[in-house]
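Since this is a predicted model, take the numbers as computed values, not measurements.
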Amino acid sequence: MKLLTEKLVQHLLSKNEEPCISLYMPTHRSHPENQQDPIRYKNLLKEIENSLLQRYSNDETNEFLAPLEELIDDPKIWNMTLEGLAVFSSDSVMEVVKLQVPVEPLAIVADSFHTKPLRKYLQSVDRFHVLGLSLHDISLYEGNRHYLTEIDLMEGVPKTIEEALGYELTDKHTTVASYGGTSGESSVMRHGHGGKKEEMDVDAERFFREIGKSVQEHYSKPSGLPLILAALPEHHNLFQKLSENPLLVSNGIKVNPKSVPEERLVELAWEVMEPEYLRTLDVLIEQFEQARADGKGSDYYK
């Protein structure tokens with residue numbers, strides 16, 4: 001499963017080899033609607049097969065279809081569906097992309113990949129990342145005004161303080177239990193061998209710095225998406241101070257994301273993101289108006 005970025009789209013566009021197979025379909029998050037998704041996928045494969053048979057032999061067609069047919073019984077595809085699915089296959093490419101917006105069903109065989117729906121999706125300015133952060137571990141989400149989806153962190157991105165600091169973890173005997181309600185209020189209880197608070201603070205600073213660098217390098221830079229911090233109130237100032245990520249939004253969600261339902265987390269994220277979204281729209285409108293005044297833009301669309 002690939003993270004959708006402009007780099008991935010450019011990679012697909014660089015391929016000019018026959019046949020390039022592009023498949024798009026809407027999918028469903030919940031039961032029982034999502035049980036029909038594999039059936040719809042097989043119907044689209046049938047369309048692809050018919051297109052291939054117009055130009056290739058049965059054996060060649062079966063060879064081209066083989067990697068696509070392997071996905072039919074893949075639980076990673078169908079047990080965790082979002083709103084849309086895109087699949088791209090050729091001799092040198094096999095990419096599967098889950099989308100947070102529904103797409104029209106398409107099954108295209110050509111000498112290049114059909115990427116217009118992906119490019120349209122990437123141009124949406126209401127997308128963002130949410131970083132869930134505690135003193136022990138992290139979670140990362142991609143979302144828009146309607147949905148949040150937790151991302152499976154790629155290799156090289158530490159998920160816990162132990163993974164991030166390893167042998168540099170100064171105090172392995174202090175336990176921190178944080179309690180946060182939906183209002184963002186919280187208390188922190190520390191249990192351990194007295195006098196360890198300073199070591200724990202050092203660990204927190206190292207952990208937050210490492211997470212900030214890793215998320216910036218592996219997610220913010222490739223995607224260009226704004227990053228919203230979701231953490232207990234006492235963690236925001238430290239993370240904001242340590243982070244060098246220009247995409248980190250100054251306001252954040254002052255609650256542990258694991259303590260609220262997903263629907264509420266979506267609402268809290270959009271409350272933070274909406275002003276940023278409106279500012280971005282204002283900038284785009286201003287740029288368009290300037291381009292039109294300079295004779296370089298038009299609102300006439302054929």
Side-chain angles (χ1 to χ4, degrees), residues 1-5 8-9 12 19-56 58 60-90 93-110 112-124 126-130 139-154 223 261-267 269-270:
M1 202 69 56
K2 272 294 180 70
L3 181 70
L4 178 57
T5 63
L8 174 60
V9 173
L12 293 172
C20 284
I21 299 171
S22 307
L23 183 152
Y24 291 87
M25 61 175 287
T27 52
H28 304 81
R29 289 179 181 245
S30 57
H31 181 86
E33 292 85 357
N34 60 4
Q35 290 201 313
Q36 297 299 311
D37 291 337
I39 298 173
R40 297 185 183 97
Y41 177 78
K42 286 190 281 188
N43 290 338
L44 289 170
L45 286 190
K46 189 64 179 178
E47 292 184 29
I48 290 172
E49 180 182 14
N50 291 336
S51 295
L52 289 169
L53 286 172
Q54 293 178 18
R55 287 184 276 178
Y56 302 98
N58 285 333
E60 290 173 316
T61 295
N62 291 334
E63 183 178 346
F64 295 141
L65 286 174
L68 296 166
E69 290 174 336
E70 289 179 5
L71 301 182
I72 295 173
D73 298 315
D74 188 344
K76 292 180 181 178
I77 302 294
W78 307 110
N79 290 349
M80 300 178 65
T81 46
L82 303 182
E83 277 62 52
L85 182 72
V87 182
F88 305 94
S89 179
S90 70
V93 172
M94 184 61 196
E95 302 288 4
V96 180
V97 182
K98 291 183 179 181
L99 302 172
Q100 289 186 313
V101 293
V103 289
E104 292 295 322
L106 284 173
I108 298 176
V109 178
S112 61
F113 289 115
H114 181 70
T115 61
K116 186 176 179 180
L118 296 188
R119 287 182 279 123
K120 182 179 179 181
Y121 177 68
L122 286 173
Q123 289 168 356
S124 170
D126 68 342
R127 297 166 58 228
F128 52 86
H129 283 142
V130 173
S139 52
L140 188 67
Y141 307 82
E142 182 176 328
N144 55 36
R145 71 182 75 188
H146 302 296
Y147 302 105
L148 275 179
T149 303
E150 187 166 358
I151 297 171
D152 290 330
L153 296 175
M154 63 181 63
S223 69
E262 181 180 320
E263 295 79 7
R264 179 58 179 155
L265 188 60
V266 172
E267 293 174 358
W270 188 244

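Between the side chain of Tyr41 and the backbone N or O of Leu71 there is no donor-acceptor pair closer than 3.5 Å. No donor-acceptor distance shorter than 3.5 angstrom exists from the side chain of Thr27 to the backbone of Thr81, with no hydrogens or angles considered. Remark: the backbone N or O of Met94 is not paired with any side-chain donor or acceptor of Ser89 at under 3.5 angstrom. No donor-acceptor pair closer than 3.5 Å links the side chain of Lys120 to the backbone N or O of Thr115. Checking side-chain atoms of Thr5 against main-chain N and O of Leu8 turns up a donor-acceptor pair under 3.5 Å.
Here CG of Asp152 is found 12.0 Å from OG of Ser139. Values are rounded to the nearest 0.5 Å. For the atom pair CG (Asn144) and CZ (Phe128), the distance works out to 6.5 Å, reported to the nearest 0.5 Å. Rounded to the nearest 0.5 Å, atoms CD (Gln35) and NE2 (His28) are 12.5 Å apart. One distance of note links CG of Leu52 with CD of Glu60; it measures 9.5 Å at 0.5 Å rounding. Between the CG atom of Leu44 and the OG atom of Ser22 there is a distance of 12.0 Å, given to the nearest 0.5 Å. Atoms CG and CD, on Leu118 and Glu95 in that order, are 10.5 Å from each other to the nearest 0.5 Å.
Within a 6.0 Å radius of CD in Glu63, other residues, nucleotides and ligands contribute 12 heavy atoms or fewer.
Every side chain to side chain donor-acceptor pair (under 3.5 Å) that Asp126 has, sequence neighbours left out, goes to Ser124, Arg145. Applying the ring-ring contact (aromatic ring centres under 6.0 Å, His included) criterion to Tyr147, with sequence neighbours excluded, gives no partner residue. For Arg119, there are no salt bridge (charged side-chain N to carboxylate O under 4.0 Å, His left out) partners two or more places apart in sequence or in a different chain.
In plain terms, the two heavy atoms of Gln100 and Glu83 that are nearest each other are O-OE1, 3.4 Å. Nearest heavy atom pair, residue Phe64 against residue Ile21, reads O-CD1, 4.2 Å. Closest of all the heavy-atom pairs between Met25 and Trp78 is SD-CH2, 4.1 Å. When all heavy atoms are compared, the tightest approach of Val103 to Gly84 is CG2-CA, 4.4 Å. Smallest separation of non-hydrogen atoms from Ala86 and Leu99: CB-CD1, 4.5 Å. Asp37 and Pro26 get closest at one heavy-atom pair: OD1-O, 4.0 Å.
Each of Arg29, Glu142, Lys98 was evaluated against Thr149; a single residue qualifies, Arg29, per the side-chain hydrogen bond (donor to acceptor under 3.5 Å, both in side chains) test.
For the pair Arg40/Pro105, no side-chain contact is recorded, criterion being any heavy-atom separation below 4.5 Å from C-beta on. Within the 4.5 Å cutoff, the side chain of Tyr141 has no heavy atoms near those of the Ile151 side chain. With a 4.5 Å cut-off on side-chain heavy atoms, Phe113 and Val93 count as touching. Side-chain contact between Ser90 and Pro19: absent, with no pair of heavy atoms (C-beta onward) separated by less than 4.5 Å. Contact check for Gln54 versus Val109: no side-chain heavy atoms found under the 4.5 Å cut-off. Using a 4.5 Å heavy-atom threshold, the side chains of Ile77 and Ile72 count as separate. Residues Leu153 and Leu140 form a side-chain contact, since some pair of their non-hydrogen atoms from C-beta on lies under 4.5 Å apart. Residues Phe88 and Leu68 fail the side-chain proximity criterion, which asks for heavy atoms closer than 4.5 Å.
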Verdict with reasoning, Lys116 to His114, per side chain to side chain contact (heavy atoms under 4.5 Å, CB included): CA-CA 6 Å; Lys116 186 176 179 180; His114 181 70; 4.0 Å; yes

Show the numbers, then the answer: is there a side chain to side chain contact (heavy atoms under 4.5 Å, CB included) between Leu65 and Glu49? CA-CA 7 Å; Leu65 286 174; Glu49 180 182 14; 3.7 Å; yes

Determine, step by step, whether Ile108 and Leu23 satisfy the side chain to side chain contact (heavy atoms under 4.5 Å, CB included) criterion, reporting the C-alpha distance in whole Å, the side-chain angles of both residues, the deciding distance to 0.1 Å, and the verdict. CA-CA 6 Å; Ile108 298 176; Leu23 183 152; over 6 Å; no

Yes or no on side chain to side chain contact (heavy atoms under 4.5 Å, CB included) for Val9 and Leu4, after CA distance, side-chain angles and deciding distance? CA-CA 8 Å; Val9 173; Leu4 178 57; 4.2 Å; yes

